[in-house]
J.: 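Okay, handing you the structure first.
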Amino acid sequence: MKSILEQLSHRVRGAIALIGVEGDPQIQASQDEKFGDYQSNAAMGLAKKLGRKPREVAEAIVEKLDIDDLCEKPEIAGPGFINFRLKPKFLAKALQSIPLADDLDTDRAGLLPAENAQVVAVDLSSPNLAKEMHVGHLRSTVIGDCVARVLEFQGHTVHRENHVGDWGTQFGMLVAHLRRIRPEIIDRPDTLEIADLESFYVEAKARFDADEKFKEESRETVVALQRGDATTRRIWQAFCNESLRHCHAIYDRLGVRLIDRGESFYNDLMNEVVRRLEKLRDSGESAAVRDSEGALCIFLDGFTTREGEPLPLMVRKSDGGFNYATSDLATIVHRVEVLKATRIVYVVGLAQKQHFEMLFAAARKIGWVGPEVRLEHLGFGNMLSKAGTPFKTREGGTVKLKDLLDEAVARARRVVEEVEPDEARVQRSFTPQQMDNIAETVGLAAVKYFDLSHSMTSDYRFDLDTMLAMEGNTAPYMLYAYARIRSIGRKAGVDFRALPADAPVILEHASEIALAKKILQFADAVEVVGRELKPNVLTDYLYDLAKAFSRFYDKRLGVRVIDASPEAVRFSRLRLCDSTARVLRLGLRLLGISTIEQM
RNA sequence: GCGCUCGUAGCUCAGUUGGAUAGAGCACCGGUUUCCUAAACCGGGGGUCGCAGGUUCGAAUCCCGCCGGGCGCACCA
């Protein structure tokens, strides 16, 4: 079934065409309930085009509108808004048409895949293997994973590209150090274990700074690595594998899966990139490609240096070495030519905005990317401390991502344990294993949800107290809402997978109607996230849904469910519960958050 | 100096690309439990949307100029 927004848009677009113009129906959900459920803002804009009064145009549109099956007669209000109020019967039918879920892990909650499936590359996480993952990698990993999940769910083929830093001068130092202190790994590379990558790096760096001979050795190692020296590469590979094991311990924990494609993967391609550019330069095919101060560059309009000089994208340094523009161009070539991607998303901090603007402009200027390919930089703001300062340890060092997650989980455990026993409530006692699972799920969910619930562009303050609060737009609230609904199903003794498909949905009470509308808006939220890459649209929607459910289930203003009668009504309400739970579960899944049945 | 970005309730943040009386959570004040998880729900107070202009039926949103915070401005990625 198509979303309500799509259906209304389609109808209104048709009506607009019937009055002899073309125009965007401009349908949106109404802000205030007294204006109905949806509104069209099209008439005001069209009035100018037609030289008629806005309200007249609105009336003309309404007259041509065939929409009785969806809503009550549309009302015209204000300067020319057209307000739509959906019929409960239509909502009931729409809910009923959602197929039952036989497997919650693959449930689509009635949503259809996109019609125009494409191949999408999402560049995410991308830590440097020289060190351990730190908090700076959280946002890219979590946001990228969410975006990938949503696009994949919509039916696109998604390549999750982990562009790890496994190349460059610092690896000469690390390999040289490793060869000195662990010579045995040359023969047994798979036995390498480094418990603390961070201090390993610090050791190597200290030796590098203090020992001239070692410094020289490190440089030679880089050369050997680039030359493809077998022994050097073995050690390097062993180090990278060990570092990747650390990364994947975190990815596994976060439920993030991706493809590791390090800088080294692009080595040949970077040479190819430069060869192609040299050809463009030499043939004079593109005046934008030329040498400057010994470096191979692509010159672009609109970018200047501090001194006001033209700022080019530098693709090969004057010493012949490559830089990140080289490898990023190589990623574009790989993703367009090999992966056949028509949409490429880079989930990288906002600080690099200019770099990506230049990169994209360059790729288009030299014709490597045509108009059929969409290039996007999904930039995000910084994660700050609770006080709004840069996120650092007390000593001013970087905080390891693992430590941050551990703390969140430990705090989550305390929050769950500290719940005051309430005699009126059924006591739930959890086994240690259950408790571990709850703490882990809630802790990680809190961190992810908090991150994703902010708009991408702004900085946010990492505050465990806020993200672990049971109230407000937080993971614990969402998980609790889900667990509560699941417990209703258990208590009622209903297996939703075994329901007769034709069991009617009956919407009479205001809270039932409101909940039904909210459930059916899920498709619109997912659509926006897929199009605009804004996960916070989804968190906001899920929060609204959870609130709508709480009202529906409320003692005073809601309805009875488990003990409702007659049977048909009880059934219908249980089905509303189930639909809500499925949407919550799926929505959270798209955010990369797993649910728990009890908490 | 140029560019990007942010500035919205006491605090933390939304605001669907120009729509109706600017929203939510926390905090504060008040109310709701013989009844399905009160980890909930309902109500209330609280705003010159940084400042000043402009565009138009209509601006937190778009344009111009200021103020303030953050970031970036070719051989680190």
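A, B, ... follow the sequence lines: proteins, then strands. Residue 1 opens every chain.
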J.: Can you sort out the partners of A/D554 under salt bridge (charged side-chain N to carboxylate O under 4.0 Å, His left out), two or more places apart, ordered by chain and number?
T.: none

J.: With A/D524, which residues qualify under salt bridge (charged side-chain N to carboxylate O under 4.0 Å, His left out), at least two apart?
T.: none

J.: Could I get the full list of side chain to side chain donor-acceptor pair (under 3.5 Å) partners for A/Y543, not counting sequence neighbours?
T.: none

J.: Can you sort out the partners of A/K518 under salt bridge (charged side-chain N to carboxylate O under 4.0 Å, His left out), two or more places apart, ordered by chain and number?
T.: A/D544

J.: Taking only residues at least two apart or on different chains, which pairs with a member in residues 456-468 of chain A satisfy salt bridge (charged side-chain N to carboxylate O under 4.0 Å, His left out)?
T.: A/K386-A/D463, A/K386-A/D465, A/R411-A/D465

J.: Under 4.0 Å between a side-chain N or O of A/K555 and OP1 or OP2 of B/A38?
T.: yes

J.: From CE of A/M314 over to P of B/C73, roughly how many Å is that when rounded to an integer?
T.: 12 Å

J.: Please pick, from B/G19, B/U37, B/C41, the nucleotide with the shortest atom-to-atom distance to any side-chain atom of A/S550.
T.: B/C41

J.: Mind checking the C1' distance from B/G3 to B/U21? Whole angstroms is fine.
T.: 38 Å

J.: For A/Q26 and B/U17, give me the distance from atom CD to atom P, rounded to whole Å.
T.: 9 Å

J.: So if I take every side-chain heavy atom of A/N382 and compare against B/C36, B/C26, B/G70, which nucleotide ends up nearest?
T.: B/G70

J.: Regarding B/A74, can its base be found pairing with the side chain of A/S292 as donor and acceptor, where the two atoms are less than 3.5 Å apart?
T.: yes

J.: How long is the line joining CZ of A/R484 and C1' of B/C41, in whole Å?
T.: 9 Å

J.: Starting from Watson-Crick (N1-N3 plus N6-O4 or O6-N4) and G-U wobble pairs under 3.5 Å, report the runs of at least three that RNA chain B belongs to.
T.: B:1-5 with B:69-73, B:10-13 with B:23-26, B:28-32 with B:40-44

J.: For B/U55, does the glycosidic angle fall within 90° of 0 (syn) or outside that (anti)?
T.: anti

J.: In whole Å, what separates the P atom of B/G19 from that of B/C26?
T.: 28 Å

J.: Under 3.5 Å, is there an N or O donor on one side and an acceptor on the other linking the side chain of A/E307 and the base of B/C73?
T.: no

J.: Centre-to-centre under 6.0 Å for A/Y480 and A/Y477, is that the case here?
T.: no

J.: Counting neighbours of CD on A/E527 that are heavy atoms of other residues, nucleotides or ligands and sit closer than 6.0 Å, is the number greater than 12?
T.: yes

J.: What residue among A/T441, A/L588, A/L584 forms side chain to side chain contact (heavy atoms under 4.5 Å, CB included) with A/T595?
T.: A/L588

J.: Could you list the donor-acceptor pairs under 3.5 angstrom formed between side-chain atoms of residues 348-360 of chain A and any protein atom two or more places apart in sequence or on another chain?
T.:
{"from": "A/H355", "atom 1": "NE2", "to": "A/D328", "atom 2": "OD2", "distance (Å)": "2.8"}

J.: Between A/Y38 and A/Q7, does any side-chain donor sit less than 3.5 Å from a side-chain acceptor?
T.: no

J.: If I pick the P atom on B/G10 and the same atom on B/U16, what distance separates them, to the nearest angstrom?
T.: 23 Å

J.: Hey, does the side chain of A/T474 reach the backbone of A/L468 with a donor-acceptor pair shorter than 3.5 angstrom?
T.: no

J.: With sequence neighbours excluded, tell me which residues meet salt bridge (charged side-chain N to carboxylate O under 4.0 Å, His left out) with A/E198.
T.: none

J.: If you take atom types as modelled and just measure distance, does the side chain of A/E309 reach the base of B/A74 with a donor-acceptor pair under 3.5 Å?
T.: no

J.: Partners of A/E532 by side chain to side chain donor-acceptor pair (under 3.5 Å), sequence neighbours excluded?
T.: A/K534

J.: Can a donor-acceptor pair be found between the side chains of A/T141 and A/S125 at a distance below 3.5 Å?
T.: yes

J.: Roughly, in whole Å, what's the span from OH in A/Y324 to C1' in B/A77?
T.: 7 Å

J.: P atom, B/C28 versus B/A60: distance in rounded Å?
T.: 32 Å

J.: Quick check on RNA chain B: between A/K534 and A/P312, whose nearest nucleotide comes earlier from the 5' end?
T.: A/K534

J.: Measuring only the P atom in each nucleotide, how far is B/G15 from B/G50? A whole number of Å is fine.
T.: 15 Å

J.: Closest to the A/Y477 side chain: B/G31, B/A40, B/C35?
T.: B/A40

J.: Distance check needed: B/A77 C1' versus A/Q352 CD, whole Å only.
T.: 7 Å

J.: Could you work out the separation of B/C36 and B/G46 based on their C1' atoms and round it to a whole Å?
T.: 36 Å

J.: Closer to the 5' end of RNA chain B via nearest nucleotide, is it A/D563 or A/L557?
T.: A/D563

J.: Whole Å only: how far is the CD atom of A/Q39 from the P atom of B/G18?
T.: 15 Å

J.: Rounded to whole angstrom, note down the P distance from B/A14 over to B/G7.
T.: 8 Å

J.: Identify all pairs in which a protein N or O lies below 3.5 Å from an N or O of nucleotides 55-58 of chain B, and state each distance.
T.:
{"from": "B/U56", "atom 1": "O3'", "to": "A/K48", "atom 2": "NZ", "distance (Å)": "3.3"}
{"from": "B/C57", "atom 1": "OP1", "to": "A/K48", "atom 2": "NZ", "distance (Å)": "3.0"}

J.: Report yes if the distance between the aromatic ring centroids of A/F391 and A/F462 is under 6.0 Å, otherwise no.
T.: yes

J.: Checking salt bridge (charged side-chain N to carboxylate O under 4.0 Å, His left out) for the pair A/R560/A/D563: CA distance, chi angles, key distance, verdict?
T.: CA-CA 6 Å; A/R560 302 301 299 174; A/D563 52 8; 2.9 Å; yes

J.: Check the distance between B/C42's P and A/D554's CG and give it to me in whole angstrom.
T.: 7 Å

J.: Can you check the distance between B/G68 and B/G30, where both ends of the measurement are the C1' atom (answer in whole Å)?
T.: 39 Å

J.: Closest approach to the side chain of A/R551, judged atom by atom: which nucleotide of B/A38, B/A74, B/C41 is it?
T.: B/C41

J.: Separation of A/F303 atom CZ from B/C73 atom P, in whole Å?
T.: 13 Å

J.: Classify every nucleotide of nucleotides 2-14 of chain B by which part a protein heavy atom approaches to under 4.0 Å, writing B for the base, S for the sugar-phosphate alone and - for neither, in 5'-to-3' order.
T.: --S-S-----SSS

J.: Would you tabulate the pairs of protein nitrogen or oxygen atoms and nucleotide nitrogen or oxygen atoms of nucleotides 22-24 of chain B closer than 3.5 angstrom?
T.:
none

